[in-house]
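Start at 1 and go down the list; that is how both ligands and their atoms are numbered.
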Amino acid sequence: MGARVTATTVAIVGAGPSGLTLANLLHRCDVPCVVVERQSIEYVRQRQRAGVLEYRARQMFQEWGLADRIIGGASFDGVLEFRVDGQRRLLAYADEVAGRAQCLIPQQVVVQRLIAALVEAGGDLRFNAAGVAVHDVDGPRPRVTYRSADGMQHAVECQYVAGCDGYYGPSRMSVPPGVMREYSYDHGIGWLTVLADASPPRYPLIAISEHGYAGQFARGPRASRFYLQCPPTDDVAAWPDDRVWEQLRLRLADADLPTGPITEKRVLEMRSAVFEPMSYGRLYLVGDAAHVITPIGGKGMNLALYDADMLARALRGCVREGSGQLLREYSATCLRRVWRYQEFARWMSEMVHDAGDDSLAGPFRRQLARARLEAVLTVPATRRMFAEYQIGVA
Ligand code: APR
């Protein structure tokens, strides 16, 4: 039985934040596209990950006429709490950037709204796609093939493929060896990440002490994402709920920390990777398919949205305006930002990890990290730099 063939301009592999944003932006400028996703719509709508959108992302959605739809009334007052050895130090960095704050919004809310907007605009979204494969991106007519849930084979013929399928997806894997250079770095640190139905703190909270890093961030009005520094080799089995709460109370120096049912527990390795260039032939990588960053600083989703914005502009240039300039510059444009924010994440990671438990970095680096933190809190130029990276205008 032959494959069912669809012709489009852009085949998008993956319906995470990258793929869904790209598809919405392409719709706004009348560039036809089809999104092919391995998971079910329910799975994608419920997947909990990031929770902060940069000011830059708000501006981007505004420019594309989608801010009300996607961001709605979400906001953030631009205050962070550092709890250093139990002492509360507030950093009101929004003052440094004239109120251009980020917004706190759980990723799944953004994803749900992106899906709804796309469906309403008549978008072609295909979930439950098995065996997705990318073909012929080095020629004029690439193809994405997959099998739908009813067993039918499909081929999406296109002019461009957007690989929005995350770090392990098939898009980058279809590139011949030696074309892209991989830069990767293992920070040697683990984070236990815990999602719980527990009241969030007034301000995003970063705790530094000899017991190791801990953090607490809002994920909606009644849920919190917690992080606890741990050996990267730790298994979640080593972290029963009682130990999680006991360590959080200790590291956050809060004996009355509100608790609640834990809904997710995972160990993350602090790992970074960048693939250069972010394109090959007619394949363009977007978001985690091209780079992964440590969660510190909340930049993963924001870098993905930046790439999607740049690629949408570039494809609009090619398809609607007859200019390939932006598409030729796509990889270099994105990578400038990717490296800048990798550097910020690393800078911040050293600050919050080295300043606490000094068994990894040693006492000298501990003092350096504490001096860095003090500068962020008290030196106006450093605070301003920190603020600009936080809101995503650096
Ligand atoms: N076929 C089709 N789709 C696939 C395949 C495949 N073989 N493999 C993965 N995918 C899908 C995943 O199911 C997922 O929906 O690609 C999507 C990739 O989404 P993400 O991994 O979230 O990557 P991206 O959209 O680039 O978002 C990046 O968002 O969650 C935050 O901070 C996080 O850095 C991350 C950022």
Side-chain angles (χ1 to χ4, degrees), residues 11-25 34-54 57 70 102 105-112 114-115 118 125-135 143-149 154-156 161-174 191 193 195 217 219 225 227 264 266 268-275 278 283-312 334 337-338 341-342 345 392:
I12 299 176
V13 184
S18 304
L20 291 169
T21 302
L22 178 64
N24 269 284
L25 304 189
V34 173
V35 184
V36 178
E37 163 64 47
R38 173 176 67 155
Q39 303 284 359
S40 68
I41 185 168
E42 297 79 23
Y43 180 93
V44 171
R45 281 171 51 86
Q46 295 312 319
R47 186 168 43 201
Q48 312 228 7
R49 301 270 274 289
V52 184
L53 277 186
E54 291 173 342
I70 308 301
Q102 306 119 287
I105 180 164
Q107 175 176 318
Q108 73 272 21
V109 173
V110 174
V111 162
Q112 286 161 14
L114 286 168
I115 292 176
L118 200 54
L125 261 166
R126 306 181 183 185
F127 291 94
N128 304 304
V132 175
V134 174
H135 313 267
R143 254 173 331 126
V144 171
T145 56
Y146 68 96
R147 198 173 58 257
S148 52
H154 295 258
V156 180
V161 177
C164 305
D165 44 355
Y167 185 72
Y168 298 103
S171 297
R172 198 185 64 247
M173 309 297 173
S174 74
W191 272 10
T193 164
L195 198 60
F217 303 90
R219 289 292 184 270
R225 165 80 68 193
Y227 295 108
E264 183 195 297
R266 280 186 297 144
L268 307 176
E269 284 177 49
M270 294 288 124
R271 197 169 46 86
S272 310
V274 179
F275 292 84
M278 286 170 55
L283 168 68
Y284 295 86
L285 301 180
V286 184
D288 271 21
H291 41 77
V292 289
I293 190 166
T294 56
I296 197 139
K299 294 301 176 189
M301 177 163 67
N302 289 295
L303 287 177
L305 298 191
Y306 181 82
D307 292 353
D309 186 15
M310 292 306 116
L311 188 55
C334 295
R337 186 175 183 87
V338 166
Y341 282 86
Q342 289 281 8

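For the pair R47 and ligand 1, a heavy-atom separation below 4.0 Å is found.
When G19, C164, G298 are ranked by how near their heavy atoms come to atom 17 (C) of ligand 1, first place goes to C164. Comparing E37, Q107, Q48 by heavy-atom distance to atom 31 (C) of ligand 1, the nearest is Q107. One option in V110, D288, D165 has a heavy atom closer to atom 34 (O) of ligand 1 than any other, and that option is D288.
Note: R337 CZ to Q342 CD = 12.5 Å, rounded to the nearest 0.5 Å.
The protein atom (non-hydrogen) at minimum distance from atom 25 (O) of ligand 1 is S18 N, 2.9 Å. The shortest contact between atom 32 (O) of ligand 1 and any protein heavy atom is with M301 N, 3.4 Å. Nearest non-hydrogen protein atom to atom 6 (C) of ligand 1 is P170 CD, 3.5 Å. Ranking the protein heavy atoms by distance from atom 22 (O) of ligand 1 puts P17 CD, 3.4 Å first. Here the heavy atom of the protein found nearest to atom 19 (O) of ligand 1 is G16 CA, 3.5 Å. The closest protein non-hydrogen atom to atom 2 (C) of ligand 1 is R38 N, 3.2 Å.
Near G287, with a cut-off below 4.0 Å to any heavy atom, the atoms of ligand 1 are 26 (O). Listed by number with element, the atoms of ligand 1 under 4.0 angstrom from any heavy atom of Q39 are 13 (O). For ligand 1, the atoms sitting less than 4.0 Å from at least one non-hydrogen atom of G300 are 32 (O), 34 (O), 36 (C), numbered in the order shown with element in parentheses. Heavy-atom contacts of V132 reach the following atoms of ligand 1: 1 (N), 2 (C) (cutoff under 4.0 Å).
Only the side chain of R49 comes within 4.0 Å of ligand 1, counting heavy atoms alone; its backbone N, CA, C and O stay farther away.
Between T21 and D309 there is no side-chain heavy-atom pair separated by less than 4.5 Å. In this structure, S174 and L283 have side chains that are in contact, with non-hydrogen atoms separated by less than 4.5 Å. For the pair L305 and L53, the minimum side-chain heavy-atom distance is below 4.5 Å. Between L303 and I293 the shortest side-chain heavy-atom distance falls below 4.5 Å. Looking only at side-chain heavy atoms (C-beta outward), C334 and H291 stay at 4.5 Å or farther from each other. M270 is listed as a side-chain neighbour of W191, based on a closest heavy-atom distance under 4.5 Å.
Considering backbone and side-chain atoms together, A129 places no N or O closer than 3.5 Å to any N or O of ligand 1.
In terms of the side chain to side chain contact (heavy atoms under 4.5 Å, CB included) criterion, residue partners of P106 (sequence neighbours excluded) are, by chain and number, Q108, V109. Annotation: salt bridge (Lys or Arg N to Asp or Glu O under 4.0 Å) contacts of R266 (sequence neighbours excluded): E264.
Side-chain contact of T145 with H154: a donor-acceptor pair under 3.5 Å is absent, judged by distance alone.
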